[in-house]
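Each remark here refers to the structure printed beneath this line.
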Amino acid sequence: MAVSFHARSNSVPSLQHPQAAYVDEQLTRLRSSETVSSSSSSYIYQRLSNLQDLYDSLDKMNRLCITKQALSQDQIEKLIDGSLMILDLCNVAKDALSQMKEGLKDIQSILRRKRGDLSAEVKKYLATRKFLKKSFQKVLKNLKVGQNKETTDKSLVVFGETEEVTVALFESLFSFMSGSKASGKWSLVSKIMSQNKATCEAEANEFTKVDSVFQSEKSLKMEDVQMLESCIQDLEDGIESLSKSMIKYRVSLLNIF
């Protein structure tokens, strides 16, 4: 979805407020993190946390009188639509993580009790993973964001750029969960760093490592499942916190009308 910001008129004062400057700094840090090649859940979680902080700051900025004066009704409506799209992405991610966690719990139960059809549960989990990967591909294919560079007011541009950064993060998250390479700006760095087998192995994440164990005939260990379950819990917590911040941000936009 494209969000284009045009200044309402030349008479509108620029948003030279400390809160606007702080938002811009946060956005710059998030953009810098896009160039980092990493396949760890802790890195994804940190980006989710940073994005949550950014939306909390935007929520505060939306409450400023000068922001309400600078944003047109059309801009506000587009931002509200964008916030709904992002909440939908949060729900897609939470639902996928929940499905995988339930499958892992069933496998854990069999490993703990040492009885039950472990092979059947593993196949069921892998089938779920295969279905989710296809779902992620469809979501990623439909994610389109406009280049929000039409306004000269830097403080207004941050709204559109925040949406871009958010979509890029979810692209990274879905690619991480499916075990594929993200197609964002960081993918070139990742590709360069993944030229040899050793590096590729080093970049394997929690999801792909467990997939590999499940798909082979290696003996399953409780530690393998617990490691992935812990990773999923961290991501769930990060997405849930982001969702709450997004709801507050959306409400502040609605209150501008």
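Computed from heavy atoms alone, side chains included, the values below leave out hydrogens, waters and symmetry copies.
In this structure, the separation between NZ on Lys114 and OG on Ser109 is 13.5 Å, given to the nearest 0.5 Å. Between the CD1 atom of Ile247 and the CD1 atom of Ile86 there is a distance of 12.5 Å, given to the nearest 0.5 Å. Distance CD1/Ile76 to NZ/Lys78: 12.5 Å, rounded to 0.5 Å. For the atom pair Ile110 CD1 and Gln108 CD, the distance stands at 11.0 Å (nearest 0.5 Å). The CZ atom of Arg250 sits 10.5 Å away from atom OG of Ser252, with the distance rounded to the nearest 0.5 Å. Rounded to the nearest 0.5 angstrom, Ser49 OG and Leu54 CG are separated by 11.5 Å.
Placement of Tyr45 and Leu173 in two distinct hydrophobic clusters is found when ILVMFWY residues are connected by side-chain heavy-atom separations under 4.5 Å, directly or transitively. Residue Leu84 is not grouped with residue Leu169 when hydrophobic side chains (ILVMFWY) are merged at heavy-atom distances under 4.5 angstrom, including chains of intermediate members. Residues Leu118 and Met222 are members of one and the same hydrophobic cluster, defined by side-chain heavy-atom contacts under 4.5 angstrom among Ile, Leu, Val, Met, Phe, Trp and Tyr.
Not one N or O on the side chain of Glu77 forms a donor-acceptor pair closer than 3.5 Å with the backbone of Asp74. No donor-acceptor pair closer than 3.5 Å links the side chain of Asp95 to the backbone N or O of Asn91.
Between Thr162 and Thr166, the shortest heavy-atom contact is O-OG1, 2.7 Å. In plain terms, the two heavy atoms of Met100 and Ile232 that are nearest each other are CB-CD1, 4.0 Å. Taking each heavy atom of Ser243 and Leu87 in turn, the nearest pair found is O-CD2, 3.8 Å. When all heavy atoms of Leu235 and Ser41 are compared, the closest pair comes out as CD2-O, 4.3 Å.
Dense packing is recorded around CZ of Arg113, with more than 12 heavy atoms of other residues, nucleotides or ligands lying under 6.0 Å away.
With contacts defined as side-chain heavy-atom distances shorter than 4.5 Å, the pair Gln26/Asn50 does not qualify. With contacts defined as side-chain heavy-atom distances shorter than 4.5 Å, the pair Asn205/Thr208 qualifies. Using a 4.5 Å heavy-atom cutoff, the side chains of Gln46 and Ser42 are not in contact. Val225 has its side chain within reach of Phe214: a pair of non-hydrogen atoms, C-beta onward, lies under 4.5 Å apart. Proximity of Phe207 to Ser178: side-chain heavy atoms (C-beta onward) are nowhere separated by under 4.5 Å. Counting heavy atoms from C-beta outward, Leu132 and Met177 have side chains that stay 4.5 Å or more apart. When side chains are defined from C-beta on, Met61 counts as touching Phe159, because their heavy atoms get closer than 4.5 Å. Side-chain contact between Ser230 and Met227 is absent, with no heavy atoms from C-beta onward closer than 4.5 Å.
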After noting the C-alpha distance and the side-chain angles of Leu242 and Cys90, does the key distance pass the side chain to side chain contact (heavy atoms under 4.5 Å, CB included) rule? CA-CA 8 Å; Leu242 176 60; Cys90 288; 4.2 Å; yes
Should Glu206 and Phe176 be marked as a side chain to side chain contact (heavy atoms under 4.5 Å, CB included) after you check the CA-CA gap, both sets of side-chain angles, and the distance that decides it? CA-CA 9 Å; Glu206 292 89 337; Phe176 176 81; 3.5 Å; yes
Chi angles and distances behind the side chain to side chain contact (heavy atoms under 4.5 Å, CB included) call for Ser212, Lys209: CA-CA 5 Å; Ser212 179; Lys209 287 176 182 177; 5.8 Å; no
Go through the steps for Val167 and Met85 under the test side chain to side chain contact (heavy atoms under 4.5 Å, CB included), then give the verdict. CA-CA 9 Å; Val167 171; Met85 175 194 69; 3.7 Å; yes
Going through the distances and angles, do Gln233 and Lys101 end up as a side-chain hydrogen bond (donor to acceptor under 3.5 Å, both in side chains)? CA-CA 8 Å; Gln233 186 61 56; Lys101 188 165 70 172; 3.2 Å; yes
Asp56 vs Ser245, test: side-chain hydrogen bond (donor to acceptor under 3.5 Å, both in side chains). Steps then yes/no. CA-CA 6 Å; Asp56 286 340; Ser245 292; 2.9 Å; yes
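At a threshold of 4.0 Å, the pair Glu236-Lys94 does not count as salt-bridged, since none of the basic side-chain nitrogens sits closer than that to a carboxylate oxygen. Classification of Glu229 and Lys105 as a salt-bridged pair fails, no side-chain N sitting under 4.0 Å from a carboxylate O.
Here ring pair (Phe, Tyr, Trp, His ring centres under 6.0 Å) pairs that include residues 225-250, with residues two or more places apart or in two chains, are Tyr55-Tyr249. Residue pairs meeting the side-chain hydrogen bond (donor to acceptor under 3.5 Å, both in side chains) criterion with at least one partner in residues 117-137, sequence neighbours excluded, are Arg129-Asp211.
With 3.5 Å as the limit, one finds no donor-acceptor pair spanning the side chains of Gln52 and Lys244.
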